[in-house]
Amino acid sequence: MKRSIAILSSVLLFATVFSSCSSLKKFVNKDVEDEDYVISQLFADEYVDEKPFVPQKPVGTVTPGGKVGKLGIVITAADNKKLYAAIEDWYGTPYKYGGCTKQGVDCSCFVGNVFKTVYGVSLKRSAHDIYEHNSTPVSKDKLKEGDFVFFTNNNKKVSHVGIYLKDGMFAHSSTSRGVMISKLDNSYWKQHFYKGGRLKR
């Protein structure tokens with residue numbers, strides 16, 4: 001109990017000093033109970049203000065390869081339609097530190113919910129723990145649909161996780177725009193990409 005109080009006091013002091021940081025404000029406003037989660041969130045996602053993914057063709061357009069889905073991605077017969085449907089179900093949900101509902105969700109909970117729906121597996125709660133316990137490393141050039149993509153922040157910690165789709169695109173809960181589609185060649189994600197990961201069976 002004393003350790004919990006000490007940790008919480010340190011977090012609140014840190015928040016006071018850096019009170020201008022909106023993402024940290026979101027964090028300290030959550031109901032803090034789990035000590036390990038508190039510590040891991042000190043290394044959580046940095047605020048990334050990126051432009052939304054713009055599909056090349058309108059939703060519903062039928063192309064020679066397939067139909068453009070709600071995510072703005074051409075869905076073909078070779079794609080995992082259940083995966084795309086699960087992501088669509090969360091698409092646009094706002095980001096929230098520690099959030100795990102349609103009112104607000106963080107990166108690891110979004111990924112966890114999708115994997116539970118699509119693959120029937122339960123993942124660890126933080127991005128770092130998913131990397132450590134639920135995945136086997138995959139190089140960037142070997143990524144396949146449904147793989148994890150892990151990123152580090154300026155503290156060089158595994159702090160963010162998304163789901164690789166195809167053609168350099170991945171789904172994740174972004175700090176600025178919530179659940180969205182981004183591209184690995186985005187300047188921020190390219191710089192902070194750490195490793196790919198494949199679900200450990």
Side-chain angles (χ1 to χ4, degrees), residues 45 48 50-95 99-125 127 129-131 133-151 158 160-190 192-201:
D45 316 88
V48 183
E50 59 181 308
K51 294 180 180 179
F53 171 75
V54 180
Q56 293 182 328
K57 297 180 182 297
V59 173
T61 301
V62 178
T63 73
K67 185 177 181 180
V68 180
K70 293 179 182 178
L71 303 178
I73 299 172
V74 177
I75 309 298
T76 71
D79 291 321
N80 184 338
K81 293 180 175 60
K82 190 173 181 180
L83 173 63
Y84 284 91
I87 294 170
E88 285 181 0
D89 189 45
W90 284 87
Y91 192 69
T93 299
Y95 184 92
C100 210
T101 71
K102 294 294 178 60
Q103 281 67 54
V105 67
D106 62 22
C107 68
S108 56
C109 186
F110 162 66
V111 171
N113 272 286
V114 171
F115 269 69
K116 184 68 174 177
T117 299
V118 179
Y119 306 111
V121 297
S122 297
L123 303 179
K124 296 293 185 179
R125 184 61 182 87
D129 284 345
I130 292 173
Y131 170 73
H133 301 285
N134 298 124
S135 69
T136 54
V138 175
S139 62
K140 196 174 186 178
D141 62 337
K142 300 294 185 183
L143 285 169
K144 295 181 179 179
E145 183 183 72
D147 283 343
F148 302 108
V149 281
F150 296 101
F151 303 87
V158 174
H160 193 69
V161 61
I163 304 168
Y164 185 76
L165 299 175
K166 60 181 178 179
D167 301 328
M169 295 178 287
F170 67 101
H172 65 129
S173 184
S174 161
T175 51
S176 59
R177 299 186 183 276
V179 177
M180 65 178 294
I181 304 299
S182 294
K183 301 205 73 173
L184 289 175
D185 62 5
N186 167 281
S187 58
Y188 179 88
W189 302 118
K190 185 176 182 179
H192 291 269
F193 180 84
Y194 181 59
K195 286 182 182 178
R198 191 152 295 155
L199 180 64
K200 188 182 292 184
R201 299 291 186 176

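Nothing here was measured: the structure is a model prediction, and the numbers come from that model.
Using cut-offs of 30° and 60° for the angle between ring planes, the W189 and H160 rings count as parallel.
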Donor-acceptor pairs under 3.5 Å, side chain of residues 62-74 to any protein atom, not counting sequence neighbours: which ones?
from, atom 1, to, atom 2, distance (Å)
T63, OG1, G65, N, 3.2
T63, OG1, G66, N, 3.1
T63, OG1, G66, O, 2.8

task = Check the pair R201 / V121 against side-chain contact (heavy atoms from CB on, under 4.5 Å), numbers first and verdict last.
result = CA-CA 9 Å; R201 299 291 186 176; V121 297; 4.3 Å; yes
task = Assess whether side-chain contact (heavy atoms from CB on, under 4.5 Å) is satisfied between S122 and N134, documenting all intermediate values.
result = CA-CA 9 Å; S122 297; N134 298 124; over 6 Å; no
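D79 places a side-chain N or O within donor-acceptor distance of the main-chain N or O of T76, the cut-off being under 3.5 Å. A donor-acceptor contact shorter than 3.5 Å links the side chain of S173 to the backbone of V105. Between the side chain of D167 and the backbone N or O of M169 there is no donor-acceptor pair closer than 3.5 Å. Side chain of N80 to main chain of K82: a donor-acceptor pair is present (N/O by atom type, distance under 3.5 Å, no hydrogens or angles).
Under the 4.0 Å criterion applied to side-chain N and carboxylate O atoms, K190 and D185 are not assigned as salt-bridge partners.
Side-chain contact check for V138 versus F148: every heavy-atom pair is 4.5 Å or farther apart. Residues L143 and L184 have side chains in contact (heavy-atom distance under 4.5 Å, counting atoms from C-beta outward). Using a 4.5 Å heavy-atom threshold, the side chains of V161 and F110 count as separate.
The heavy-atom pair separating N113 from C100 by the smallest distance is ND2-SG, 3.8 Å.
Separating the OG atom in S135 from the CZ atom in F150 is a distance of 3.5 Å, to the nearest 0.5 Å. Separation of atoms CE (M180) and OH (Y95) is listed at 14.0 Å; rounding is to 0.5 Å. In this structure, CD1 on I87 lies 11.0 Å from NE2 on H172, to the nearest 0.5 angstrom. Atoms OH and CD1, from Y84 and I75 in turn, are 5.0 Å apart once rounded to the nearest 0.5 Å. Rounded to the nearest 0.5 Å, atoms CG (D147) and CG (L199) are 9.0 Å apart. Between S174 atom OG and D106 atom CG the span is 12.5 Å, to the nearest 0.5 Å.
A side chain to side chain contact (heavy atoms under 4.5 Å, CB included) with V114 holds for exactly one of I163, L123, V179; it is I163.
Side-chain contact check for R125 and S108: at least one donor-acceptor pair (N or O, by modelled atom type) lies under 3.5 Å.
For residues 84-94, the set of pairs meeting the salt bridge (Lys or Arg N to Asp or Glu O under 4.0 Å) definition, not counting sequence neighbours, comprises D89-K102.
Atom NZ of K166 has more than 12 heavy atoms from other residues, nucleotides or ligands within 6.0 Å. Surrounding NZ of K57 are at most 12 heavy atoms belonging to other residues, nucleotides or ligands under 6.0 Å away. Other residues, nucleotides and ligands place no more than 12 heavy atoms under 6.0 Å from the NZ atom of K142.
Checked against a 6.0 Å centroid threshold, the rings of F170 and F193 do not count as neighbours.
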